[in-house]
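Every chain is numbered from 1 and lettered A, B, ... according to where its sequence line falls, protein lines coming before strand lines.
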Protein chains: 2
Amino acid sequence: MKQTRITIKDIAKEFGVAVSTVSRALHNSNEVSDELKKNICDYAAAHHYQPNMLATSLRNCRVERTKTIGVIIPKFVHYFFSCVLSGIETTASHLGYSIMVAQSDETYENEKEIMQRFNAARVCGVIVSLAKDTKQYDHFQELLNIKVPIVFYDRICTELKTSRVVVDDYAGAFEAVNYMIKTGCRRVAFLGSVMTLEIAKNRCNGYKDALLKNHIKIDDRLILQCDKQGDAHLLLPKLLLDKDRPDALFAINDDIAFEALQVCRELNLDVPKDVSICGFSNSTITKVCNPQLTSVEQRGYDVGVEAAKILINNAENKDEDIKIKNKIIETTLVVRGSTLPMPLNDNDGN
Amino acid sequence: MKQTRITIKDIAKEFGVAVSTVSRALHNSNEVSDELKKNICDYAAAHHYQPNMLATSLRNCRVERTKTIGVIIPKFVHYFFSCVLSGIETTASHLGYSIMVAQSDETYENEKEIMQRFNAARVCGVIVSLAKDTKQYDHFQELLNIKVPIVFYDRICTELKTSRVVVDDYAGAFEAVNYMIKTGCRRVAFLGSVMTLEIAKNRCNGYKDALLKNHIKIDDRLILQCDKQGDAHLLLPKLLLDKDRPDALFAINDDIAFEALQVCRELNLDVPKDVSICGFSNSTITKVCNPQLTSVEQRGYDVGVEAAKILINNAENKDEDIKIKNKIIETTLVVRGSTLPMPLNDNDGN
DNA sequence: TAAACGTATGAAAACGATTGCGTAGAGGAA
DNA sequence: TTCCTCTACGCAATCGTTTTCATACGTTTA
């Protein structure tokens with residue numbers, strides 16, 4: 001006796017009516033007598049009837065689709081991305097959408113395979129942040145061709161015509177570096193990451209422009225690339241033991257900033273007196289190290305909310321051409337103990 | 001000219017054959033001539049044909065279903081849960097499954113609504129960790145009744161007959177407390193959480209048994225309940241300023257342990273000389289505070305892997321009755337600076 | 001009274017893929 | 001020639017739901 005889910009047919013049989021009548025009754029159509037309607041609805045509720053979304057979506061293939069959106073995240077175990085996912089999920093959930101999620105693990109192959117799975121599952125749209133590895137975009141174009149909307153967040157793709165939600169990386173970096181200069185730092189180093197990513201370029205540009213605005217020359221020796229954990233330990237000591245050592249470090253993310261902090265500690269450099277350090281993301285790590293890290297608040301949750309809103313909006317107006325939206329989430333500098341305080345006599349002309 | 005997805009029908013029309021022939025060709029049946037087969041496959045590949053999973057799943061309603069599993073997580077922005085999700089996703093992905101994920105935000109209402117959505121989407125099974133709020137289980141029973149397998153992880157439900165994957169909370173707590181006692185601590189306090197959760201009870205029992213085994217009386221005044229952030233700040237100072245103050249704190253999670261560490265710092269108590277502190281989870285926070293936190297490694301990733309394996313196994317053998325499996329993931333104590341070193345002359349009889 | 005209309009329901013097609021069964025035609029065996 | 005077999009395909013049902021069209025019966029209107 002295999003108990004299974006109740007369908008509209010079972011209900012029809014129960015009442016000796018046609019399935020169409022049951023369907024209408026459940027949709028509260030006024031073409032069904034009130035009595036029958038009530039009986040059918042009561043029966044359905046009592047038996048926990050849940051319409052089969054597969055069937056509904058299949059029938060409305062070119063209309064409503066699955067009310068499911070696909071989300072690609074480079075890595076789950078990551079503060080910023082967790083926040084974004086949380087924002088997406090909360091927003092989608094409120095609007096009646098489910099989310100299907102997968103991690104690319106920073107490789108193009110995974111990303112491609114995920115896009116295929118999402119396509120097979122007939123998601124209404126995809127929200128994605130690029131893997132570090134990704135240099136070609138055919139797997140996205142394929143979905144765009146068949147009018148599936150895509151929204152990029154954080155690590156966007158500038159080659160494709162899609163909506164994007166980004167943090168104002170440039171302004172965030174500019175503000176942070178400008179702040180450190182105002183507190184008296186003169187040689188600010190940049191601890192960056194892979195330069196193919198748009199975010200890396202933007203943060204680097206913000207860094208450079210802040211220097212220029214303050215009439216400080218850009219010194220390429222002060223621009224490092226720390227791709228993976230441990231890189232800072234390899235590269236920084238040489239720089240910090242130099243007689244011309246930097247008096248400030250601006251890191252592209254909090255993890256690298258923290259590693260830099262450790263290196264300073266190991267080299268007996270005082271933070272912030274000898275070296276100021278500023279990170280990016282304002283993740284939990286900033287509040288628990290000693291001294292606490294100054295960092296740029298990235299508002300991941302808001303990024304997720306905006307991305308979901310834009311995507312769902314696109315998905316629900318499929319008839320029209322997809323409207324491209326670029327949303328920029330403003331950052332805020334959160335000052336803590338790893339940077340110097342602003343001098344009192346500072347009449348900032350800006 | 002609305003470009004849309006290519007279906008099996010379009011291919012059939014293209015070649016002037018029946019859809020059944022196309023289907024067989026794509027499945028490499030030998031009932032189709034090699035030439036036609038090759039042409040059809042080439043054409044399908046060139047046009048990025050992806051079989052519509054909705055249709056396939058609908059047809060195989062009582063057999064294969066959707067190759068999608070639902071995952072409920074109390075909160076996304078949480079180290080342990082991120083690890084679990086990562087483990088689930090990686091495993092599921094390798095086995096060709098997609099995951100649909102939602103956060104309960106610790107409320108029963110959300111959990112219930114999510115289960116309904118998962119049911120409508122016809123997921124093959126659900127992996128869930130209970131919300132703190134949940135005290136009734138009808139929403140789970142409903143799915144179990146129609147033979148949808150459920151696997152609980154971490155915060156399990158003992159009232160339902162389902163598979164479970166848990167961390168060995170008892171042993172983890174026992175080992176941690178036992179360790180602190182061996183290093184010389186005599187008054188160990190427990191900073192717990194809501195006691196309705198199974199994990200809270202187990203960790204508390206491990207704590208108590210470690211005391212008893214070492215012939216230390218349990219003192220109820222040393223058992224505190226810190227549910228939300230800030231509670232430790234409210235409750236701990238009183239305890240720590242007492243002349244009879246504890247010389248060790250065992251916290252139910254790392255966040256509370258860190259808060260305790262802060263309180264100690266504020267009260268000018270040295271950690272670990274005056275007070276040893278041990279947390280639970282071995283999250284990133286443990287490595288970045290000062291001193292670094294001793295903690296119980298919870299192996300979230302492995303929890304996720306096991307949960308996914310068990311669930312998929314259940315889902316794929318639907319004909320048989322669901323086999324209930326209880327998997328216990330062993331913990332390890334990771335000793336760091338927030339606890340005393342083990343004395344050298346210790347001949348641990350255990 | 002006959003025509004028109006309204007109400008409540010049924011029948012059937014459609015969405016896309018799979019699969020059991022049927023069959024036309026080619027070729028071989030008796 | 002007749003019968004059989006094999007190859008290579010087509011037909012149609014199926015999954016659950018929605019929606020268009022059709023229709024039976026009762027009521028109103030001209």
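Within the structure, a side-chain polar atom (N or O) of B/S23 is placed less than 4.0 Å from OP1 or OP2 of C/dT18. In this structure, B/Y49 does not reach the C/dG16 phosphate: none of its side-chain N or O atoms is under 4.0 Å from OP1 or OP2. Distances shown here put every side-chain N or O of A/T21 at or beyond 4.0 Å from the OP1 or OP2 atom of C/dT9. In this model, the phosphate group of C/dC15 is not approached by any side-chain N or O of A/S57 to a distance below 4.0 Å at OP1 or OP2.
Under 3.5 Å, the side chains of A/E89 and A/Y97 contain no donor-acceptor pair of N or O atoms. Between the side chains of A/R155 and A/S129, not a single donor N or O lies within less than 3.5 Å of an accepting N or O.
For A/N39 and C/dA8, the CG to C1' distance is 15 Å, given to the nearest whole Å. Distance B/I6 CD1 to C/dC15 C1': 17 Å, rounded to the nearest Å. Taking atom CG of residue B/N60 and atom P of nucleotide C/dT19, one finds them 7 Å apart after rounding to whole Å. Atom P of nucleotide C/dA17 and atom CG of B/N52 are separated by 6 Å, given to the nearest angstrom. Rounded to an integer number of Å, the gap from A/R5 CZ to D/dG16 C1' is 12 Å. Between the CG atom of B/L36 and the P atom of D/dT7 there is a distance of 17 Å, given to the nearest Å. Counting to the nearest Å, the P atom of D/dA8 and the CD atom of B/E35 are 11 Å from each other. The distance from atom CG of A/N119 to atom C1' of C/dA17 is 15 Å, rounded to the nearest whole Å.
In this structure, the nucleotide among C/dA17, D/dT17, D/dC9 sitting nearest to the side chain of A/I8 is D/dT17. Of the candidate nucleotides D/dT17, D/dC9, C/dT9, D/dC9 has the atom lying nearest to any side-chain atom of B/E31. Closest to the side chain of A/K9, from the set D/dC15, D/dT18, C/dA17, is D/dC15.
Mapped onto DNA chain D by nearest heavy atom, B/N30 and A/A55 fall at different nucleotides, with B/N30 at the one closer to the 5' end. Residue order along DNA chain C, read from the 5' end via each residue's closest nucleotide, puts A/A18 first among B/Q50 and A/A18. Comparing A/H27 and B/G16 along DNA chain D, the residue whose closest nucleotide (by nearest heavy atom) sits nearer the 5' end is B/G16.
When heavy atoms are screened at a 4.0 angstrom cut-off, A/V17 is found touching the sugar-phosphate backbone but no base atom. Among the atoms of the strands shown, none is found under 4.0 Å from any heavy atom of B/F15.
Relative ring orientation between B/F81 and B/H78 is described as tilted, the plane-to-plane angle lying within the 30° to 60° band.
Proximity of the aromatic rings of A/Y49 and A/Y43 is defined here by a centroid distance below 6.0 angstrom, and this criterion is not met. Ring pair A/F76/B/F76: centre-to-centre distance not below 6.0 Å.
For B/R24 and C/dG20, a side-chain-to-base donor-acceptor distance below 3.5 Å is present, hydrogens and geometry of angles not being considered. Interface remark: the B/S20 side chain does form a donor-acceptor pair with the D/dC11 base, using a distance-only criterion of under 3.5 Å.
When B/E111, B/K112, B/E113 are each tested for a side-chain hydrogen bond (donor to acceptor under 3.5 Å, both in side chains) with B/H139, only one passes: B/E111.
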